[in-house]
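Okay, structure first, notes after.
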Amino acid sequence: MEQNLEIEFKNLLKKEEFERIAKEFGLEPESFQSQVNHYFDTPSFSLKEKGAALRIREKGGNYVLTLKQPQEIGLLETDQLISAEDTVTAVGNGPLPLGGVAGEVEKMGIQFNELTYFGTLATLRAEANFHNGVLVLDHSSYLDTEDFELEFESSDFDEGQDAFRTLLGRLGIPVRETPSKVHRFYKRKLNITRG
């Protein structure tokens, strides 16, 4: 189990903005790598109610179970390497693998065995070094929709926020309210369910 603090800034993009940023930072189509997120919560969205999220990410042949929990600044990520077999079982609504992540979920007062699979979001991602951090371009597909997003990961909140806002201003991109991928996924899923 590994824990780290994630400080990132996000902004949804229009497709044209996404393509323009990719060109400006020299991110060719072959720069984009595939990753897949499988999301889990209780049927009553207990994690979501606490601002937390649980996913299994498949990337480059690795499978990582990650719990994200809100902190005063940023998100605390608890990561646990798991197997492809564990992933297939969990996505098939079998049990999630036990370990450090389960312990952290239980500390939140949520029964780990109540977590269930909600769906999958696939992302094509490219990264570039930028202003003492990492600039991330994501093209995500989920359910019957797609979206485009710019992220900036920084080790310092104030410095990262300034750099990100300056970049958006230079690119002529307005600041847009940007919920996390899991929240966008759940919102879309609920809209489809309600018909």
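Because only heavy atoms are used, hydrogens play no part in the values below, and waters and symmetry mates are left out as well, while side chains stay in. Starting from 1, each residue takes its place in the sequence as its number.
Between R184 and T178 there is a side-chain heavy-atom pair separated by less than 4.5 Å. Contact annotation: the side chain of L115 approaches that of L47 to within less than 4.5 Å [non-hydrogen atoms, C-beta and beyond]. Considering only heavy atoms from C-beta on, L143 comes within 4.5 Å of K189 through its side chain. Using a 4.5 Å cut-off on side-chain heavy atoms (C-beta onward), Q33 and E127 make no contact. Between V101 and L96, every side-chain heavy-atom pair lies at or beyond the 4.5 Å cut-off.
Note on L137: it clusters hydrophobically with F130, by side-chain heavy-atom contacts below 4.5 Å among ILVMFWY residues. Connection of V136 to L124 is not established within any shared hydrophobic cluster, with ILVMFWY side chains joined at heavy-atom distances below 4.5 Å, either directly or through further cluster members. Under the 4.5 Å side-chain heavy-atom criterion for grouping Ile, Leu, Val, Met, Phe, Trp and Tyr, F45 is not connected to L67 through any hydrophobic cluster. Under the 4.5 Å side-chain heavy-atom criterion for ILVMFWY residues, no single connected hydrophobic cluster contains both F9 and L12. F152 and F157 fall within a single hydrophobic cluster, where Ile, Leu, Val, Met, Phe, Trp and Tyr side chains are chained together by heavy-atom contacts under 4.5 Å.
When only modelled atom types and interatomic distance are considered, N93 and T116 share a side-chain donor-acceptor pair under 3.5 Å. Residues T78 and Q3 have side chains that bring a donor and an acceptor to within less than 3.5 angstrom of each other.
The two residues S46 and D41 come nearest to each other via the heavy atoms N-OD1, 3.2 Å. For the residue pair S31 and G26, the shortest heavy atom distance occurs at OG-O, 4.3 Å. Considering every non-hydrogen atom in both F40 and A90, the closest pair reads CE2-O, 3.6 Å. Considering every non-hydrogen atom in both N11 and V175, the closest pair reads OD1-CA, 3.4 Å. Heavy atoms only, all atoms of each residue included: T123 and S140 are closest at OG1-OG, 2.9 Å. Closest non-hydrogen pair, P70 versus L75, comes out as CA-CD2, 3.6 Å.
Of the inter-residue distances, the one linking F25 atom CZ with L150 atom CG reads 8.0 Å to the nearest 0.5 angstrom. Going from atom CZ of F112 over to atom CD of E106 covers 8.0 Å, rounded to the nearest 0.5 Å. Here the NE2-CD distance, from H139 to E19, works out to 9.5 Å after rounding to the nearest 0.5 Å. Here the NE2-OH distance, from H38 to Y63, works out to 8.0 Å after rounding to the nearest 0.5 Å. The NZ atom of K23 sits 9.5 Å away from atom CD of E28, with the distance rounded to the nearest 0.5 Å. Atoms NZ and CZ, on K48 and F118 in that order, are 10.0 Å from each other to the nearest 0.5 Å.
In terms of modelled atom types and a separation under 3.5 Å, the side chain of Q80 and the main chain of L98 share a donor-acceptor contact. A donor-acceptor pair under 3.5 Å is formed between the side chain of T87 and the backbone N or O of S83.
Summarising the local packing, CZ of R176 is surrounded by more than 12 heavy atoms from other residues, nucleotides or ligands at distances under 6.0 Å. Annotation for E30: atom CD counts as buried by contact number, over 12 foreign heavy atoms lying within 6.0 Å.
Under the side chain to side chain contact (heavy atoms under 4.5 Å, CB included) rule, Y39 has a single partner from T120, I56, L121, which is L121.
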- request: Tell me, with the steps shown, if E151 and K10 meet side-chain contact (heavy atoms from CB on, under 4.5 Å).
  value: CA-CA 4 Å; E151 294 183 2; K10 304 168 175 279; 3.0 Å; yes
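Ion pairing between D147 and K181 fails under the 4.0 Å rule for side-chain N and carboxylate O.
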